[in-house]
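So the structure is just underneath, and the comments pick up after that.
Hydrogens, waters and symmetry mates play no part in the numbers below; they use all other heavy atoms, side chains included. Residue numbering restarts at 1 for every chain, and letters A, B, ... go by the order of the sequence lines.
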Number of protein chains: 2
Amino acid sequence: MSSRSTREIITAVADQLFYERGFEAASFASIASEVKISRGNFYYHFKTKNEILEAVIAKRIADREALLQGWAEAFPPEDRIRCFIGILITNQSKIMTFGCPVGTLSAELAKLNHPALDQANELFTVFRTWLRQQFEALGFAGQSDALAMHLLMRSQGVAALANAYKDAEFVRREAEAMSLWLDQQIAVLPPATSPLSPLEQQKED
Amino acid sequence: MSSRSTREIITAVADQLFYERGFEAASFASIASEVKISRGNFYYHFKTKNEILEAVIAKRIADREALLQGWAEAFPPEDRIRCFIGILITNQSKIMTFGCPVGTLSAELAKLNHPALDQANELFTVFRTWLRQQFEALGFAGQSDALAMHLLMRSQGVAALANAYKDAEFVRREAEAMSLWLDQQIAVLPPATSPLSPLEQQKED
DNA sequence: GTCTATACAGCGATAGAC
DNA sequence: GTCTATCGCTGTATAGAC
């Protein structure tokens, strides 16, 4: 079990360093020194750097799914979407310094033509699918995926410019605009198009 | 003059490779082999990799300024903004493969804590300032910068998701949504708030 | 399971011949 | 202005002692 624990520690440290410095720039030496094991010992737990990356992505996916699942259990669909928008505010300090963990990794791996790129993009899909389900629960039958992509797009754009300009007021303003956009979408929702009763919608996720 | 020409060739090749592979992953060897000069000879033209990066960013800024200047001379403010939105369509193939040249460089240099980061972010500002001027010319006095940032944000978000999902239909749809958004902004523009006559607006840039 | 020692490739950068 | 040769460093990865 000590081995499993060390593996988890390495994964957690690598997760952080891949985020803060980028996958390529984060060296084995930097991870090993942070975990406080020797570089050689490293390879007992992971054979290659790509193996660590895969473990990090799997951890990120699991973390996000747990977060979204928690919201799905605690709130009705509309509020769940507002929780997603709220990530920009909650994490704004880290986003302004290092960008979005999902977007920056995906962009880096795309340039490297890295074999784990699809896995990294799956992280986007975790949010996309979850958002789509919330819009479906609200009754946006045919447009749910487009709406999910639109919200995801705006969160990526805000993260990119927040990282460049480090402007908290901009982030706040755009998060509010996203919330307003959601209001407008719901306001023009034709009530008859929903095949589910409001009660059934609540249960959906 | 042959030296200047070689320098320009190196800069152009580095520009492309930095875009396609990322700054760190694009090695001297790869640039040299593309330019068809030896690695050693390289250092006659640029003493360090950072010098090449600075030259590349300066070139990108000059290129973009020329592009925007051309639009400013050819179209009225509203159409200029639509030209900006059109970049997403014009460059969609490259964006889907390599992402946005401005956003991906800025994100990479931010993680590397690179000294040229501010210079790279200046590329954002070229677009931001130009867009702000167009909104000002349209009469959006106090909101012009916020509107410019909003458009820039959306273009960054679209580029990020286009890169991940390589979905041309998504890009087309969101570009249209941006154009529609512009319509709506202009529709609610209070005509009295503009301090400039329509004629003077046309001349502004 | 953890360590030291080391192989080997590739990087940015330099020196000096032509 | 271009070349070859080479340095010093760091990167991933391996071998083998403890």
Anything under 3.5 Å between a protein N or O and an N or O of nucleotides 12-14 of chain D, put it in a table, one pair a line.
{"residue": "D:dT12", "atom": "OP1", "partner": "A:Lys49", "partner atom": "NZ", "Å": "3.0"}
{"residue": "D:dT12", "atom": "OP2", "partner": "A:Phe28", "partner atom": "N", "Å": "2.8"}
{"residue": "D:dA13", "atom": "OP2", "partner": "A:Lys49", "partner atom": "N", "Å": "2.8"}
{"residue": "D:dA13", "atom": "N7", "partner": "A:Tyr43", "partner atom": "OH", "Å": "2.9"}

#### Entry: Heavy atoms of other groups near A:Arg21 CZ, more than 12 under 6.0 Å
no
### Message
Whole angstroms only, please: what is the CZ-C1' distance between B:Phe42 and D:dC3?
### Response
15 Å
### Query
Which pair of non-hydrogen atoms, one from A:Ile52 and one from A:Ala14, has the smallest distance, and what is that distance?
CG2-CB, 3.6 Å
### Query
Looking at CZ of B:Phe127 and CD1 of B:Ile61, how far apart are the two atoms once the value is rounded to the nearest 0.5 Å?
10.5 Å
### Task
In whole angstrom, give the distance that lies between atom CZ of B:Arg7 and atom C1' of D:dT2.
17 Å
### Task
Verify the contact: side-chain N or O of A:Tyr44 to OP1 or OP2 of C:dG1, cut-off strictly under 4.0 Å; return yes or no.
yes
### Message
Keeping B:Glu108 on the side-chain end and B:Phe23 on the backbone end, is there a donor-acceptor pair under 3.5 Å?
### Response
yes
### Query
Rounded to the nearest 0.5 Å, what separation is found between the CG atom of A:Leu161 and the OG atom of B:Ser155?
7.5 Å
### Message
With a sphere of 6.0 Å drawn around NZ of B:Lys166, does it hold more than 12 non-hydrogen atoms of other residues, nucleotides or ligands?
### Response
yes
### Query
Rounded to the nearest Å, what distance is computed from the NE2 atom of residue A:His45 to the C1' atom of nucleotide C:dC3?
12 Å
### Query
Between B:Ile31 (CD1) and C:dG12 (C1'), how many Å, whole number?
11 Å
